[in-house]
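For clarity, every value in this text was computed on a predicted model and none was experimentally measured.
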2 protein chains.
Amino acid sequence: MKKVTINSVAEYAGVSKKTVSRVLNNEPNVSPATREKVLQVFKELDYKPNPIARGLARNKSFIIGCLYDNPSKSYITRVQSGALEACHKFNYNLLIHPCELRGEELIHNVDQLLTTSRLDGLVLTPPFSDSQELIDFLKTQNVPFARVASALEDESSISVSSNDEQGAYELTEHLISLGHKDIAFIKGHRDHSATEKRFSGYQNALLNHGIEFKESLVAQGNFSYHSGADSAKEILDIEPMPTAVFASNDYMAAAVLKLATQRKLRVPEDISIAGFDNAPIARHIWPGLTTIAQPVEEMTRQAVEQLILQISDPSTEVYQKVLEAKLITRESTAAK
Amino acid sequence: MKKVTINSVAEYAGVSKKTVSRVLNNEPNVSPATREKVLQVFKELDYKPNPIARGLARNKSFIIGCLYDNPSKSYITRVQSGALEACHKFNYNLLIHPCELRGEELIHNVDQLLTTSRLDGLVLTPPFSDSQELIDFLKTQNVPFARVASALEDESSISVSSNDEQGAYELTEHLISLGHKDIAFIKGHRDHSATEKRFSGYQNALLNHGIEFKESLVAQGNFSYHSGADSAKEILDIEPMPTAVFASNDYMAAAVLKLATQRKLRVPEDISIAGFDNAPIARHIWPGLTTIAQPVEEMTRQAVEQLILQISDPSTEVYQKVLEAKLITRESTAAK
DNA sequence: ATGTACTTTGACACCGGTGTCATAATGTCG
DNA sequence: CGACATTATGACACCGGTGTCAAAGTACAT
């Protein structure tokens with residue numbers, strides 16, 4: 001079976017390559033009769049244009065790359081699913097590329113990625129969306145990109161994020177309204193901007209409700225389940241034990257719940273536990289976790305959609321959006 | 001800043017394109033002096049070969065596609081991580097493509113994928129690795145592929161799987177050795193070959209230990225948490241209640257655990273619960289789930305590695321391997 | 001010095017499309 | 001019916017690499 005190329009189609013249809021190309025791209029200036037004839041030959045020969053050749057001629061690949069370095073697998077899955085939705089809508093494909101934020105190698109690594117597979121654009125997810133170094137590099141390389149959940153102020157690049165600070169504020173307020181005063185807090189990964197935002201949401205809520213902020217109630221996590229388990233030990237050993245724990249994501253909250261349950265503490269009677277993200281695990285465990293629903297898929301979907309629009313028309317206005325985070329109450333929190 | 005191409009390098013170095021190409025690909029028959037000179041120019045101009053042009057000339061993309069349709073997100077994450085490891089080892093990249101097994105559209109969808117991004121090969125994960133229709137199609141299209149966790153007998157294509165039946169057998173035997181006789185079973189998704197294998201492992205263990213198999217103790221799930229929750233309801237309502245539940249994966253087991261806990265049953269004192277896969281959730285909940293560790297990453301890693309070897313040298317012997325699954329006991333199972 | 005074998009090098013076509021521009025065909029109007 | 005504008009079409013270069021093959025250069029034996 002011989003390969004069907006634009007040449008064979010042209011020959012078979014008795015027209016020039018260029019005319020075939022015109023039909024292929026729905027360009028004007030082809031007579032209806034010719035167009036019909038060529039389309040017919042497409043069908044007859046089952047012709048499929050070679051995307052690589054096309055890519056070479058137009059300097060495009062129709063592939064978007066997704067950069068991530070995140071201990072929370074469910075976050076990544078959600079990111080991917082949002083990104084894929086946008087990609088497929090525009091007939092793009094998604095290439096995934098986990099890599100480490102730290103080290104000299106980041107830039108080199110991304111550079112390598114760009115040279116081994118001509119990407120049309122990149123979606124940056126935390127913590128990459130906050131890496132000024134990376135962003136500067138991409139700008140010098142003229143690689144279009146979009147930031148997801150980034151806290152960086154940069155009017156010149158696409159950004160879709162959600163209101164972390166307000167979410168954390170609301171969740172803390174929820175705990176306060178239940179009568180809690182000793183609310184422990186587990187911070188996220190230092191490299192993620194969300195970490196600071198969630199923390200200040202927590203602090204501000206305490207402040208505005210006249211509750212003293214105590215450094216001793218704060219543990220440092222990194223968004224991984226493991227770090228949550230470590231922090232849980234610290235927190236549950238505090239005397240007197242806090243009556244509520246607010247972890248910066250659901251994985252860490254799940255770790256607290258596990259340790260508490262292991263220690264025969266009743267949740268929420270003895271201690272309330274809340275997380276952030278509304279990851280699947282929040283509803284897969286008992287009691288279900290009160291948390292903040294962050295529209296991860298939607299953020300990424302919008303970011304990638306805008307990225308693709310930007311790619312097809314660089315004059316498109318730069319899209320910047322903050323989506324709402326919303327409180328979800330489940331069984332893990334109750335009145336003191 | 002002008003683009004640096006093989007032409008500019010050639011001109012600058014005062015040699016022909018072809019010689020530059022030779023140096024680029026480490027081909028023989030270049031004098032040491034010339035090679036050195038060209039390498040020097042590479043550095044000076046910061047030259048990076050254009051992968052698309054290369055792809056066109058060699059008809060290669062250095063991209064592997066990963067096909068999946070799986071309700072278990074953690075399974076997908078693990079698949080991806082194994083696949084990425086192999087890809088990066090050989091300087092390939094990974095493109096992910098979720099799509100639905102059902103419907104006429106599968107073939108069309110994959111066809112579309114192949115035409116929009118010339119992939120060098122495909123990794124098929126369950127349930128695609130068991131789709132004879134898809135496999136036949138890929139063979140007619142001459143697209144190299146590797147099957148992960150496939151039950152299909154096909155000597156001519158790469159396959160890496162794990163011993164599902166034996167794993168299920170061992171887990172069931174473990175429960176029997178703890179004194180359980182009424183062991184409920186939740187089946188997985190009908191389209192996955194693992195479903196039948198795990199089920200027969202369970203049945204054979206009962207048989208060999210002289211325990212009567214009861215259809216009434218079997219529920220039909222589909223590997224999703226949700227289906228596990230439904231099955232859990234059926235099973236916990238059986239009178240007398242089974243003393244142990246073996247779910248075909250950890251998500252469904254977690255759902256059983258949640259419902260049991262909700263109903264104030266003590267696990268494992270009142271009822272033992274076991275899963276399959278050793279997904280992260282198995283150790284993120286309390287009590288931790290006894291389960292079968294399936295080397296998902298390793299299976300995929302080997303499959304992709306072999307796929308790439310196959311691509312670079314089609315005469316490579318077809319690799320077929322069955323990895324061991326292994327019992328992990330945690331707190332969710334105990335003597336009756 | 002000559003013949004032979006091997007290494008090094010470059011000219012040129014090619015991969016399968018797209019962009020530019022000249023030319024041919026057709027339409028419009030006075 | 002001629003002058004001119006507009007539409008349809010194809011020839012050809014080009015994107016940035018790789019494959020083929022012939023020619024030039026070098027080494028060594030005779």
Residues two or more places apart in sequence or in another chain: which of them pass side chain to side chain donor-acceptor pair (under 3.5 Å) with K37(B)?
none

Among all residues two or more places apart in sequence or in another chain, which pass the side chain to side chain donor-acceptor pair (under 3.5 Å) test with N142(A)?
none

Those residues of residues 49-60 of chain A lying under 4.0 Å from DNA chain D by at least one heavy atom:
L56(A), A57(A)

Using a cut-off of strictly less than 4.0 Å between a heavy atom of the residue and any atom of DNA chain D, enumerate the qualifying residues of residues 36-45 of chain B by number.
none

Please work out which of the three classes, parallel, tilted or perpendicular, describes the rings of F223(A) and H192(A), given edges at 30° and 60°.
perpendicular

Return no unless some side-chain N or O of N25(B) is found under 4.0 Å from OP1 or OP2 of dT18(D).
yes

Check whether any side-chain N or O of S21(A) sits under 4.0 Å from OP1 or OP2 of dT18(C), and answer yes or no.
yes

Reading nucleotides 5-13 of chain D 5' to 3', which nucleotides get B (base under 4.0 Å from a protein heavy atom), which S (sugar-phosphate only), which -?
--SSBBB--

Is a donor on one side and an acceptor on the other found under 3.5 Å between the side chain of S129(A) and the backbone of V148(A)?
yes

Taking only Lys NZ, Arg NE, NH1 and NH2, and the carboxylate oxygens of Asp or Glu, determine whether D111(B) and K48(A) approach each other closer than 4.0 Å.
yes

Would D154(A) and K139(A) pass as an ion pair if we require N to O under 4.0 Å?
yes

Minimum heavy-atom separation for E27(B) to R35(B), with atom names?
O-NH2, 2.8 Å

Nearest non-hydrogen partners of S150(B) and D130(B), listed with the distance:
OG-OD1, 3.3 Å

Measure CD1/I6(B) against P/dA11(C) and give the value in whole Å, please.
14 Å

Whole Å only: how far is the CD atom of E27(A) from the P atom of dG17(C)?
14 Å

Provide the full list of ring-ring contact (aromatic ring centres under 6.0 Å, His included) pairs with a residue in residues 22-65 of chain B, sequence neighbours left out, each pair given once.
F42(B)-Y47(B), F62(B)-Y92(B)

Rounded to the nearest 0.5 Å, what separates atom CD in E11(A) from atom OG in S16(A)?
12.5 Å

